[in-house]
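Nothing here was measured: the structure is a model prediction, and the numbers come from that model.
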Amino acid sequence: MTDINLLQPATESNASSPDIVWHEHAVNRESREKLHGHQGAVIWFTGLSGSGKSSVAGALEQALHQLEVSTYLLDGDNVRHGLSRDLGFSDDDRIENIRRVGEVAKLMQDAGLLVLTAFISPHRHERQMVRELLPEGRFIEVFVDTPLAVCEQRDPKGLYKKARAGEIKNFTGISSVYESPEQPEIHLNGEQLVTNLVAQMLDVLRHHAIIKP
């Protein structure tokens, strides 16, 4: 039986306990990046449900894999099946979900991976929270900017229809707010072809020396 206490976030008291000490290891991020041949970073896709986040992130990971870049894609639904299976969709649970994802992405980035995430992450303070976990320049916020009407027309999971019918509460864009990024590193037009958006992403990653030219 799973101990429910293991699923609870660390409190300030146990996180700052003198019995818990951060250990520096002989193999560091720089040495891991040298092995991979590229920088470790977190590419954080944000946007409304149906904006195209997952599609672009998935296509970008395929393109990076072909370039022999070491990646891992953290998808919102997949995380809910495991890491955050105990969480609901209240504001507090959503914040905790993003906190957990941020901590996992931080570890993967430290391992020298290029981590892609596809989460609505509707609040600016949530995204800022993750940004502050990472070294300077290693958090790349990507805003997939797609009008609500277009997202609702796509509605790949039928979620907007359910939200309009009142079957889903606190649905982002309908009954819950989405705060657009004010200064994202990358601003994508979600109405463009996925292939075009992936090409734009690769150009930016090369320009910032995240991956090799």
Handout entry: Side chains of Asn97 and Arg80 in contact at under 4.5 Å (non-hydrogen atoms)
Key = yes

Problem - Between Gln200 and Gln192, a side-chain donor and acceptor under 3.5 Å - result: yes

Handout entry: Reported CG-to-CZ distance for the pair Asp110 and Arg32, which is rounded to 0.5 angstrom
Key = 5.0 Å

Exercise for the section: Using the rule that two of Ile, Leu, Val, Met, Phe, Trp, Tyr join whenever any of their side-chain heavy atoms come within less than 4.5 Å, decide whether Met129 and Leu74 are in one cluster. Expected result: yes

Handout entry: Nearest-0.5 Å distance, OG1 of residue Thr117 to CZ of residue Phe139
Key = 7.0 Å

Exercise for the section: List for me each residue that meets side chain to side chain donor-acceptor pair (under 3.5 Å) alongside Glu132, sequence neighbours excluded, and say none if there are none. Expected result: Gln128

Practice task
Output the rest of the hydrophobic cluster of Leu64: all Ile, Leu, Val, Met, Phe, Trp and Tyr residues reachable through side-chain heavy-atom contacts under 4.5 Å, sorted by chain and number.
Solution key: Ile43, Phe45, Val56, Leu60, Leu67, Val69, Leu73, Leu114, Leu116, Ile140, Val142, Val144, Ile186, Leu188, Val194, Leu197, Val198, Met201, Leu202, Val204, Leu205, Ile210, Ile211

Handout entry: Any residue meeting side chain to side chain donor-acceptor pair (under 3.5 Å) with Glu191, in chain and number order, not counting sequence neighbours
Key = none

Completion exercise
In short, ring pair (Phe, Tyr, Trp, His ring centres under 6.0 Å) pairs touching residues 56-88 with sequence neighbours left out are none

Practice task
Name all pairs fulfilling the ring pair (Phe, Tyr, Trp, His ring centres under 6.0 Å) condition that reach into residues 83-127, sequence neighbours left out, sorted by first residue then second.
Solution key: Trp44-Phe119, His123-His125

Completion exercise
So the ring pair (Phe, Tyr, Trp, His ring centres under 6.0 Å) pairs with at least one residue in residues 183-213 (sequence neighbours excluded) are Phe143-His187

Handout entry: Worked verdict on Val130 versus Val101 for side-chain contact (heavy atoms from CB on, under 4.5 Å)
Key = CA-CA 8 Å; Val130 179; Val101 171; over 6 Å; no

Handout entry: Pair listing, side-chain hydrogen bond (donor to acceptor under 3.5 Å, both in side chains) test, anchored in residues 167-178, at least two apart
Key = Thr46-Tyr178, Arg94-Thr172

Practice task
Keeping to residues at least two apart or across chains, list the salt bridge (Lys or Arg N to Asp or Glu O under 4.0 Å) pairs with something in residues 157-166.
Solution key: Asp77-Lys157, Glu152-Arg164

Practice task
Assess the side chains of Ser51 and Asp145: does a donor N or O sit below 3.5 Å from an acceptor N or O?
Solution key: no

Handout entry: Inter-residue atom distance Ser84.OG - Ile98.CD1, 0.5 Å rounding
Key = 8.5 Å

Exercise for the section: Before giving the answer on salt bridge (charged side-chain N to carboxylate O under 4.0 Å, His left out), spell out for Lys34 and Glu30 the whole-Å C-alpha distance, their side-chain angles and the decisive distance to 0.1 Å. Expected result: CA-CA 6 Å; Lys34 184 176 181 181; Glu30 288 74 16; over 6 Å; no

Problem - Sub-4.5 Å side-chain heavy-atom contact between Ser49 and Ile120 - result: yes

Exercise for the section: Please examine the side chains of Val42 and Leu134, heavy atoms only from C-beta on, and report whether any two atoms are closer than 4.5 Å. Expected result: yes

Problem - All side chain to side chain donor-acceptor pair (under 3.5 Å) counterparts of Ser31, not counting sequence neighbours - result: Asn28

Exercise for the section: Could you pull out the closest heavy-atom pair between His36 and Ser70, with the gap in Å? Expected result: ND1-OG, 2.9 Å

Problem - Backbone N/O of Gly40 and side chain of Glu33: donor-acceptor pair under 3.5 Å - result: yes

Handout entry: Contact summary for Leu159 and Asp155, nearest pair of heavy atoms
Key = N-OD1, 2.9 Å

Problem - Residue list, salt bridge (Lys or Arg N to Asp or Glu O under 4.0 Å) with Glu126, at least two apart or on another chain - result: none

Fill in the blank from the handout: Besides Leu87, the hydrophobic cluster formed by Ile, Leu, Val, Met, Phe, Trp and Tyr side chains linked at under 4.5 Å, directly or via other members, contains none

Handout entry: Basic-acidic side-chain contact under 4.0 Å: Arg99, Glu96
Key = yes

Handout entry: Contacts of type salt bridge (Lys or Arg N to Asp or Glu O under 4.0 Å), residue Arg131, not counting sequence neighbours
Key = Glu141, Glu185

Exercise for the section: Give a yes or no on whether the backbone of Ala118 and the side-chain of Lys53 come within a donor-acceptor separation of less than 3.5 Å. Expected result: no

Exercise for the section: Compare all side-chain heavy atoms of Arg124 with those of Glu182 and state whether any distance is below 4.5 angstrom. Expected result: yes

Problem - Sub-4.5 Å side-chain heavy-atom contact between Gln109 and Arg29 - result: yes

Practice task
Would you check, one step at a time, whether the test side-chain contact (heavy atoms from CB on, under 4.5 Å) holds for Arg100 with Val104?
Solution key: CA-CA 6 Å; Arg100 293 182 189 183; Val104 170; 5.6 Å; no

Practice task
Find out whether Glu179 and Pro122 are in side-chain contact, i.e. whether some heavy atom of one side chain is under 4.5 Å from a heavy atom of the other.
Solution key: no

